[in-house]
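The structure appears right after this line, and notes come after that.
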Amino acid sequence: MKFSPLINELIDSLRCLPGVGAKSAQRMAFSLLQKNRTGALKLSAALHDAMEHVQHCETCRNFTEQRLCEICSDEERTASGLLCVVESPQDVIAIEQSGEFSGLYFVLMGKLSPLDGIGPSEIGMPLLQQRLTEGAVNEVILATNFTMEGEATAYYITEMCKGLDIPVTRLAQGVPIGGELEQVDSNTLGRAFKTRSSL
Amino acid sequence: MAEFMVEHYVLHATPYKETSALVTGFSLELGKIRYVAKGVYGKSNKFKGLTQAFTLFSTRLSGNGELKSGYASEALHKPVALQGTALYCALYCNEVLVRLLPHEEPFETGFHFYQHTLQRLAKEPQAEPVLREFELFLLQELGSAYDFFYDALSNDPIAPEKSYDFVLEQGFCLASATSKQAFLGEHILAIGQQNWSPQALKVAKYFTRLALSPYLGNKPLKSRELFQKPL
């Protein structure tokens, strides 16, 4: 069935959302038109404003509409000399929710993945190198994911830090709190045994 | 719909829709395969994480087309313990295989050689000889079995002290007086014998780049950037 040009354009545009195919886009378009035009107008304005004004923080690459994000502007955090390297903005949120870290971040916006066309320059390595060379970092904490690509990224940054004589640490791995041993996969359990600590 | 089990290594996995992954694998039975690993990134999926590279998986596939559907997957051993430069090398091998392997053409010797290469990379302190031997094996299996012991034109034995030009699809021929990038016979023989001195490795790297270039195409391999020192 043919829809009017504006409805067609709306359906096509909604398909740029992750996980939204033709059917879902059609359902969303009609739901907004029939039931929630106010919400749709608000969504449209929010999308426009965010796409126009949100950019990357000049020092950590996280999303912000300022030149520097809120975390990078915090003088106490800057004074800590700690820099935690993560793959995505969602990782920053997860670490912030833990309440354990009060240093600064560097957000790679990806990981080294040659087959996806992502090399060192695509994940901001020149900017990280510049930041480390400036001398305000006393320790780099690697919080990339424990996947092969995450490990390759961690190794690349470790080599960079070695050249600058900056200590590097990696997040520990082990059994989750509240987890039962029989539910933990054998690789994680094996790693937990290898890195067990004295009490 | 056809349903069967395959043993394979994941060469590349990329997220697909909300919780699935689009996987390119190297299987014992079919060579290079592509399938959708359904729900593999779902929170409650017991197959979560089963798209990691360098682990041998047994996976149930279904479908007759080029893109299969993957269901139950089981790791047949722990991931090969690759770290540092060895991990970069293994990622390079994966990128080369994704480019070179034809779709669904069984390549059992290639599968075993890849498996052996990963194990060597994990154990051996020098990764470079392992990579060069992997590339030389691929060249031979792709139908470019260059002769390192005889001149491709005259059929005379390669002389260690003489210089030779490399001609794609032909091999090594005695260099002309104007030749600028000739190979020394001594190094060509060392490549043929896989007798790796630092100089032979350097020359072999240059040779395999030239010889593999028609198969790899014009787009540079991204994994090569990993080997460039950050500082």
Side-chain angles (χ1 to χ4, degrees), chain A residues 15 17-21 23-24 88 110-133 140 144-166 168 170 182-191 194, chain B residues 9-24 41-42 44-55 74-99 118 219-231:
Chain A
R15 288 186 65 184
L17 292 168
V20 175
K23 276 274 172 201
S24 304
S88 71
K111 60 201 164 191
L112 288 175
S113 180
L115 276 160
D116 292 308
I118 302 173
S121 54
E122 284 78 14
I123 56 168
M125 287 298 106
L127 179 64
L128 178 62
Q129 187 174 324
Q130 184 194 325
R131 192 164 167 190
L132 296 177
T133 313
V140 170
T144 53
N145 290 328
F146 290 89
T147 58
M148 289 300 168
E149 291 90 349
E151 295 289 1
T153 310
Y155 179 71
Y156 191 92
I157 298 168
T158 305
E159 289 297 292
M160 187 189 278
C161 292
K162 269 188 198 165
L164 294 162
D165 212 14
I166 298 172
V168 188
R170 182 94 168 104
E182 64 171 355
Q183 303 291 342
V184 178
D185 70 274
S186 56
N187 291 328
T188 307
L189 201 52
R191 197 73 78 99
K194 273 186 192 160
Chain B
Y9 286 93
V10 172
L11 296 175
H12 183 228
T14 185
Y16 179 69
K17 294 192 174 172
E18 285 296 275
T19 58
S20 299
L22 201 56
V23 175
T24 305
Y41 296 135
S44 58
N45 194 307
K46 63 177 177 176
F47 306 123
K48 195 177 177 184
L50 294 184
T51 53
Q52 283 292 301
F54 318 126
T55 308
E74 182 192 355
L76 298 178
H77 65 60
K78 283 184 181 178
V80 181
L82 295 158
Q83 289 176 327
T85 310
L87 179 54
Y88 289 175
C89 293
L91 290 169
Y92 168 80
C93 293
N94 282 8
E95 192 175 11
V96 168
L97 287 175
V98 167
R99 294 252 191 121
L118 293 183
K219 198 177 160 194
L221 288 171
K222 202 73 185 171
S223 49
R224 284 187 182 144
E225 291 179 18
L226 302 179
F227 297 95
Q228 291 157 12
K229 288 271 175 204
L231 287 170

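What's counted below: heavy atoms across the whole structure, side chains too, no hydrogens, waters or symmetry copies. Each chain gets a letter, A, B and so on, in the order the sequences are listed, and its residues count up from 1.
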Next item on the list: Give a yes or no on whether the backbone of Met148(A) and the side-chain of Gln52(B) come within a donor-acceptor separation of less than 3.5 Å.
Entry: yes
Margin query: Can you classify the ring geometry of Tyr88(B) versus Tyr155(A) as parallel (below 30°), tilted (30 to 60°) or perpendicular (above 60°)?
Written below: perpendicular
Checklist line | Phe146(A) atom CZ, neighbour heavy-atom count above 12 within 6.0 Å | finding: yes
Heavy-atom distances under 4.5 Å only: say whether [X] touches chain A with side chain, backbone, both or neither.
X: Thr85(B); value: both
X: Ser223(B); value: both
X: Leu11(B); value: backbone
X: Tyr92(B); value: neither
X: Leu226(B); value: both

Item checked: Of all pairs that satisfy salt bridge (charged side-chain N to carboxylate O under 4.0 Å, His left out), the ones with a partner from residues 85-94 of chain B, not counting sequence neighbours -> none
Next item on the list: Any chance you could measure Leu115(A), atom CG, to Leu91(B), atom CG, to the nearest 0.5 Å?
Entry: 8.0 Å
Next item on the list: Measure the spacing between CG of Leu112(A) and NZ of Lys222(B) and express it to the nearest 0.5 Å.
Entry: 10.0 Å
Check: Going through the checks in order, is the side-chain contact (heavy atoms from CB on, under 4.5 Å) test met by Asp116(A) and His12(B)?
Finding: CA-CA 9 Å; Asp116(A) 292 308; His12(B) 183 228; 2.8 Å; yes
Notebook entry, point to check: Of the non-hydrogen atoms in Pro120(A) and Glu225(B), which two are nearest, and what is the gap between them?
Noted result: CD-OE1, 3.5 Å
Notebook entry, point to check: Is it the backbone or the side chain of Glu149(A) that comes under 4.5 Å from a heavy atom of chain B, or both, or neither?
Noted result: neither
Checklist line | Which portion of Ile157(A) sits near chain B, non-hydrogen atoms under 4.5 angstrom | finding: neither
Item checked: chain B interface, residue from Ile118(A), Val20(A), Thr158(A) that has the most non-hydrogen pairs under 4.5 Å -> Ile118(A)
